[in-house]
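For reference, positions follow the sequence shown, starting with 1.
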Amino acid sequence: MNLSRRNLMGLGVGAGGAVLLSACGDSGPNEKVTGGGQNAAPAATAYTGPNVTLAFWNGFTGGDGPFMKKLVDQFNTEHPNIKVTMNTYQWADYYQKTPAAVATGNGPDVGVMHVDHVSTNAARGVVLPLDDLAKALNFKAEDFSPPVWNAGVYNNVRYAIPLDVHPLGFFYNKAVMEKGGLDPEKPPTNNDEYQAALESMKAKGIQGDWVTPFEFTGSMQFQSLLWQFGGDLFDDQGTKALFAEQPGVQALTWMTDHVKNGFSPKNVAQDADIVALRNGKNAFNWNGIWTINTLKEDKNLEWGVAPLPQIGTQKAAWAGSHQFVQFKQKTKDDNKLTAGKVFINWISQHSIEWARGGQVPARAEIRNGAEFKALPEQAAIGTQIDYLHFLPPKPGIADVMATMVTAINEAVLGRKEPAKALSDGAAKANQLLEQNAKKYGS
């Protein structure tokens with residue numbers, strides 16, 4: 001499993017805390033930046049100012065890094081008056097390092113953040129509004145997809161431009177399915193088919209679907225099921241945890257029943273579920289799109305990927321999103337701000353190359369194009385685009401999610417019944433939500 005992908009949520013937990021306080025600037029999170037004054041609109045697609053160098057930071061330390069480096073090199077070749085230098089860090093280090101660097105005037109000009117970190121950094125004045133860029137390019141929700149487009153807005157101000165989405169998908173081992181008496185070309189699409197498939201494999205001595213108690217990817221599976229059963233993680237204001245209500249209990253019970261009924265081993269270790277699929281020990285695995293390139297390394301592995309089965313009453317899938325941000329400057333530099341916007345727009349326009357690294361482009365015109373559709377695995381997962389779900393844009397939300405992860409761990413490992421585990425987790429989540437409201441302001 002690509003470690004940089006594992007970091008996308010897990011290493012964010014706890015990283016939204018005290019270090020961000022040092023990034024509070026005198027102009028605050030609602031500072032308006034024009035990025036070129038009267039020339040803002042044309043500057044979004046072209047930069048005609050003096051030579052500038054832009055520091056671009058991200059956490060692409062895994063297999064996706066070379067794809068972004070290739071794009072940066074191409075951009076530099078085509079824009080002789082803009083030089084972009086790319087620095088990569090482990091995501092946990094990135095989220096710790098960046099606010100402190102911005103506070104001291106040594107931060108990057110442009111960066112990428114997971115969408116669940118945007119609001120925290122916006123609240124602390126680390127990142128700048130990007131409404132002007134969206135307006136200059138005439139971007140609308142339908143140019144991306146409403147869920148991912150709206151995810152970059154905090155307090156009615158846009159702080160991020162989506163680069164991609166990386167949803168959960170349904171991976172399956174065709175050889176194991178065949179051994180279990182199933183049609184390897186017809187993975188289950190609903191709960192009845194899913195349960196029948198598990199029973200068929202169990203009759204052949206196969207534990208077909210290993211449930212992991214860890215954030216990767218048990219938490220993501222739980223969230224997908226929660227939304228499929230009609231529930232939600234939090235209320236609309238992000239002030240109260242809802243994941244312990246009946247849909248959450250249904251979702252977690254569905255997972256723990258796999259263990260109780262012998263469809264999954266107990267105590268599945270971190271990443272053991274995907275390792276088992278690669279080694280022919282299980283058939284089904286709910287995992288992220290980043291798994292595509294990992295499985296492609298196994299030349300003899302017969303596998304496929306499909307959208308998540310609809311277990312509940314509606315379609316839904318967990319997703320993360322990498323989003324572009326611009327960082328607050330100690331001394332405002334309109335040339336750098338304008339050049340940064342040109343860079344963001346150019347990468348977005350050329351994101352088919354990024355898709356080859358195992359992503360779904362956020363930009364609809366790229367996602368709907370022939371080149372993306374020629375990537376069958378990414379395209380299959382990408383069909384979920386309009387029913388993906390993201391965390392609410394609330395500062396500190398990544399920290400709150402740790403309480404839910406703990407609840408899933410306790411239930412899947414059999415230490416607590418699902419309802420009790422979720423109830424305890426929601427109580428702790430509500431305490432953190434209240435603390436965050438005071439810490440970051442409403």
Nearest-0.5 Å distance, [atom1] of residue [X] to [atom2] of residue [Y]:
| X | Y | atom1 | atom2 | value |
| --- | --- | --- | --- | --- |
| D64 | T88 | CG | OG1 | 10.0 Å |
| L198 | N261 | CG | CG | 9.0 Å |
| L422 | E245 | CG | CD | 11.0 Å |
| N285 | L168 | CG | CG | 8.5 Å |
| L137 | L130 | CG | CG | 10.5 Å |
| I408 | K416 | CD1 | NZ | 13.0 Å |

Does the side chain of [Y] come within less than 4.5 Å of [X]'s, by heavy atoms?
| X | Y | value |
| --- | --- | --- |
| R356 | E371 | yes |
| K439 | L432 | no |
| N436 | P395 | no |
| Q250 | P418 | no |
| V112 | F56 | yes |
| H322 | V165 | no |
| Q195 | F263 | yes |
| T98 | P108 | yes |

On the 0 to 90° scale, with breaks at 30° and 60°, tag the [X]-[Y] ring pair as parallel, tilted or perpendicular.
| X | Y | answer |
| --- | --- | --- |
| F284 | Y194 | tilted |
| W286 | F170 | perpendicular |
| F60 | W91 | perpendicular |
| F144 | W149 | parallel |

Does A241 have any side-chain contact (heavy atoms from CB on, under 4.5 Å) partners at least two apart in sequence or in another chain, and if so, which? F234, F243, A426, A429, N430

Go through the structure and list residues passing side-chain contact (heavy atoms from CB on, under 4.5 Å) with K260, not counting sequence neighbours.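 By the side-chain contact (heavy atoms from CB on, under 4.5 Å) rule, K260 matches D257, E417.
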
Closest non-hydrogen atom pair, [X] against [Y]:
| X | Y | result |
| --- | --- | --- |
| M201 | A283 | SD-CB, 3.4 Å |
| M401 | L233 | CE-CD1, 4.1 Å |
| D143 | K140 | OD2-N, 2.7 Å |
| G248 | F222 | O-CE1, 3.3 Å |
| L225 | A251 | CB-CB, 3.5 Å |
| P184 | M177 | CA-CE, 4.0 Å |

Counting distance only, does the side-chain N/O of [X] pair as donor-acceptor with the main-chain N or O of [Y] below 3.5 Å?
| X | Y | answer |
| --- | --- | --- |
| T217 | N287 | no |
| T120 | G396 | yes |
| D109 | A55 | yes |
| N409 | V405 | no |
| T256 | L252 | yes |
| S264 | V259 | no |
| N282 | D209 | no |
| Q228 | I311 | yes |
| Q384 | L308 | yes |
| N155 | V157 | no |

[X] atom [atom1]: more than 12 heavy-atom contacts under 6.0 Å:
| X | atom1 | result |
| --- | --- | --- |
| K202 | NZ | yes |
| D236 | CG | no |
| Q74 | CD | yes |
| K174 | NZ | yes |
| Q349 | CD | yes |

I'd like to know if [X] pairs up with [Y] as an ion pair, taking the criterion as any Lys NZ or Arg NE/NH1/NH2 lying under 4.0 Å from an Asp or Glu carboxylate oxygen.
| X | Y | result |
| --- | --- | --- |
| E199 | K204 | no |
| D164 | R363 | no |
| K135 | D132 | no |
| R278 | D298 | yes |
| E377 | K296 | yes |

When you look at W290 and Q359, which way does the side-chain contact (heavy atoms from CB on, under 4.5 Å) test go after all the steps? CA-CA 7 Å; W290 52 86; Q359 309 286 344; 5.6 Å; no

Are F372 and W354, when compared by the centres of their aromatic rings, separated by less than 6.0 Å?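 Aromatic pair excluded; centres sit 6.0 Å or further apart.
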
Is the centre of the W303 ring less than 6.0 Å from the centre of the Y172 ring? no

Verify the distance criterion only: is there a donor paired with an acceptor across the side chains of [X] and [Y] at less than 3.5 Å?
| X | Y | answer |
| --- | --- | --- |
| T239 | Q237 | no |
| T189 | E193 | yes |
| T212 | D273 | no |

Should E353 and M68 be marked as a side-chain contact (heavy atoms from CB on, under 4.5 Å) after you check the CA-CA gap, both sets of side-chain angles, and the distance that decides it? CA-CA 8 Å; E353 186 64 32; M68 183 56 71; over 6 Å; no

Hey, mind stepping through I385 and L388 against side-chain contact (heavy atoms from CB on, under 4.5 Å) and telling me if it holds? CA-CA 6 Å; I385 187 73; L388 299 178; 4.1 Å; yes

How would you list all residue pairs meeting ring-ring contact (aromatic ring centres under 6.0 Å, His included) that involve residues 388-431, not counting sequence neighbours? W227-H389

Checking side-chain contact (heavy atoms from CB on, under 4.5 Å) for the pair L277/I274: CA distance, chi angles, key distance, verdict? CA-CA 5 Å; L277 183 129; I274 186 62; 4.2 Å; yes

